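The block underneath contains the structure these notes are about, expressed in structure tokens.
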Amino acid sequence: MNEVKRRIDELREEINKHNHNYYVLNTPQISDKDFDMLLKELESLENSHPEYHDPLSPTQRVGSDLSKGFEHVVHERPMMSLSNTYSVDEVDEWFKRIDKSLGGADFSIVGEMKFDGTSISITYKHGRMVRAVTRGDGTQGDDVTANVKTIRSVPLQLQPGDWPEEFEIRGEILMPWEVFEKLNAERAYNEEPLFANPRNAASGTLKMQDSREVARRHLDARFYYLLGDNLPFDNHYDNMEAARKWGFKVSKAMKKMRSLQEIDDYIAYWDEHRKELPVATDGLVFKVNSLREQLNLGYTAKSPRWAVAFKFNPERACTPLRFVSFETGRMGIVTPVANLEPVQLSGTIVKRASLHNADILDELDIHEGDNLYVEKAGEIIPQITGVERSLRKADAKKVEFVRTCPECGSPLVRIFGEAAWCCPNKYGCRPQITGRIEHFCARRMMNIDGIGEETAEMLYAAGLVNRIGQIYDLKKEQLEVLGRMGEKSAMRIIKGIEDSKQVPFERVIYALSIPNVGETTAKRVAHTVKNMDVLMEMTLEQLTAIPDVGPIIAKCIYDYLREPVNVENISDLRRAGVQMGLSADKLEPAGTALAGKSIVISGTFSHHSRDEYKDIIEQQGGKNVGSISKKTSFVLAGENMGPAKLEKCQKLGIPLVSEDEFLNLIRN
């Protein structure tokens with residue numbers, strides 16, 4: 001194999017790997033700039049050596065975010081990507097090419113923010129939202145209408161105006177910095193992987209099956225492109241200003257320009273002031289304003305010639321390392337943290353940055369007193385990206401990962417198949433104990449108002465609560481003398497403890513801190529087993545058979561329920577009156593209207609979410625099934641039902657029942 005072919009094969013393999021990390025796993029491993037450089041190198045080699053053409057090369061397609069959980073919809077007009085530039089000179093060269101292509105005719109350019117979110121295309125008819133579809137692979141995307149409807153900045157009904165009877169508008173779904181910080185703080189508390197940046201968080205949220213959870217995350221949107229046959233103006237700028245009047249959130253940064261100097265000044269201004277925006281941006285976009293000139297300039301195979309994206313470089317600083325601390329979390333995982341000399345980065349002071357795990361610490365090869373390069377991933381999470389080895393002292397010792405727990409001294413064990421090291425002393429290690437107390441009392445668990453991190457630490461230090469079951473033995477008099485609590489705070493906690501006895505069984509399971517059992521899994525387990533007695537008697541095989549519970553989670557539940565401390569806790573909770581089974585209304589069917597029927601749910605709905613309809617079907621004696629077959633009784637068909645399912649129903653003669661017909665059926 002010659003050298004060129006070998007390099008082409010290497011690049012294809014590497015780019016495919018990064019595409020998978022980005023689009024499937026939502027965990028990018030390299031920056032956008034580095035990825036683009038790899039892709040440009042491959043494009044150059046393939047153009048120079050057409051004998052090595054491969055229709056499956058990553059240069060022949062656009063990465064996809066398609067999800068199996070949503071209906072796929074073909075875009076009426078393909079959603080193409082933009083070519084990226086990383087210097088002012090490259091933008092200037094693009095401007096000169098446009099000038100030359102248009103034969104020196106007078107033209108204007110529109111500059112816009114390049115928001116860092118997930119692309120969306122929304123269709124409106126008669127002033128009402130009809131369908132929202134993700135970019136997908138550019139040719140087809142996922143129908144996420146139900147989730148987009150929860151975003152308050154997206155109009156469902158347009159303001160009065162001269163809007164066309166039908167049009168498409170494109171934009172970005174975004175997660176504001178403030179929401180992103182709260183979400184990651186919540187995930188950190190639950191020891192779940194953090195989102196790398198708001199873009200990944202927005203993309204993951206938009207693909208959630210529960211639109212209620214989507215609504216809770218308060219996504220936002222910005223719109224930047226209007227398409228249709230009867231647009232009000234023949235230029236991009238005026239069309240977007242019209243869209244703003246119709247109720248769409250269009251960036252105030254949009255500006256019309258006619259010269260290179262204006263463009264260069266625009267770049268310089270926003271390179272600095274973008275840090276003041278409430279949402280993430282990663283660059284600017286420049287477009288030829290005239291729609292007629294856009295049409296004349298046309299497209300390459302992958303992107304329009306009349307537009308270009310300028311990408312900002314991430315802000316980076318080099319600062320001395322003070323020391324590396326090792327911190328034990330609620331689930332016993334030990335995390336190395338770089339404690340730095342304070343440095344200002346993207347508008348905030350950075351003092352600490354997670355080093356994640358032993359493998360990353362070893363890969364960075366950090367020594368005592370090193371000068372470390374720190375960036376803000378997504379401009380919010382401090383991230384160590386390298387070491388300035390030229391400044392390293394000759395006798396500096398390498399920072400080694402600890403072998404014992406920094407809190408209790410227990411020898412650490414490595415979690416099989418993962419990079420994490422864990423303290424096995426679950427029931428004798430202070431941060432694990434106090435972390436479980438705090439988790440148990442949190443809002444989405446038992447919702448005991450007044451017991452947060454600080455109070456959990458005080459209760460443990462005072463010897464009042466060493467395990468969660470003892471929370472229900474607390475007395476007002478004991479709490480009043482704790483720190484600076486006082487009578488009012490003590491009464492609030494006592495009331496919260498009493499109220500928690502009515503918390504549903506599924507939330508009790510979530511509150512127990514069973515490893516790998518999150519909110520959704522806890523609900524699935526509760527609705528399958530019905531009560532704690534059944535759960536405690538189940539074998540590994542029976543646990544594995546629960547929907548969404550695989551061998552790993554099953555083993556976690558099985559081991560947890562055979563630990564004497566946990567058995568004692570559950571006994572204490574039961575004695576206190578905490579819910580140890582599903583309530584009567586959830587156990588008994590609400591009716592028998594759907595007894596013996598197998599029902600498929602398809603499309604989007606107005607009155608209830610898909611999950612709520614699944615619950616209704618089960619409560620009425622029916623069975624939810626995922627695919628259409630001869631045994632399907634009927635399809636509960638919402639808006640935008642997929643054409644493939646519709647065709648299969650017609651072929652097999654399966655009845656379609658509308659949302660209103662279904663609700664009438666239940667009521668009757």
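Computed from a predicted model, the values in this text were never measured in an experiment. One is the number of the first residue; the rest follow in order along the sequence.
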Counting only N and O atoms by type, is there a donor-acceptor contact under 3.5 Å from the side chain of [X] to the main-chain atoms of [Y]?
X: Y124; Y: L158; value: no
X: N147; Y: L206; value: yes
X: S203; Y: N200; value: no
X: D142; Y: T134; value: no
X: K648; Y: I628; value: yes
X: H218; Y: R152; value: no
X: T544; Y: L540; value: yes
X: S633; Y: S598; value: yes

Measure the spacing between [atom1] of [X] and [atom2] of [Y] and express it to the nearest 0.5 Å.
X: I552; Y: N516; atom1: CD1; atom2: CG; result: 7.0 Å
X: D162; Y: N230; atom1: CG; atom2: CG; result: 11.5 Å
X: R507; Y: E519; atom1: CZ; atom2: CD; result: 8.5 Å
X: K597; Y: Q620; atom1: NZ; atom2: CD; result: 12.0 Å
X: T139; Y: M80; atom1: OG1; atom2: CE; result: 9.0 Å

Can you name the nearest heavy-atom pair linking [X] to [Y], along with the distance?
X: Y560; Y: S513; result: CE1-O, 4.0 Å
X: R436; Y: I468; result: O-CG2, 3.9 Å
X: D220; Y: K249; result: OD2-NZ, 2.9 Å
X: C441; Y: I471; result: SG-CD1, 3.7 Å
X: P304; Y: Y299; result: CA-CD2, 3.5 Å
X: F505; Y: N531; result: CZ-C, 3.6 Å

F662 ring center near Y613 ring center (under 6.0 Å): yes
Ring centers of W246, F167 separated by less than 6.0 Å: yes
Check whether the side chains of [X] and [Y] place a donor and an acceptor atom closer than 3.5 Å, and report yes or no.
X: T145; Y: D143; answer: yes
X: E172; Y: T118; answer: no
X: S251; Y: E112; answer: no
X: T205; Y: R217; answer: yes

Charged N to carboxylate O under 4.0 angstrom, [X] versus [Y]?
X: E438; Y: R330; answer: no
X: K495; Y: E498; answer: no
X: E178; Y: K182; answer: yes

Check H75, R131, R77 against E168 for a side chain to side chain donor-acceptor pair (under 3.5 Å) and give me the one that passes. R77
Face-on cation placement of R562 at Y558 ring, 6.0 Å and 45° thresholds: yes
Side chain to side chain contact (heavy atoms under 4.5 Å, CB included) with I169: of F223, Y224, Y225, only one passes, and it is F223
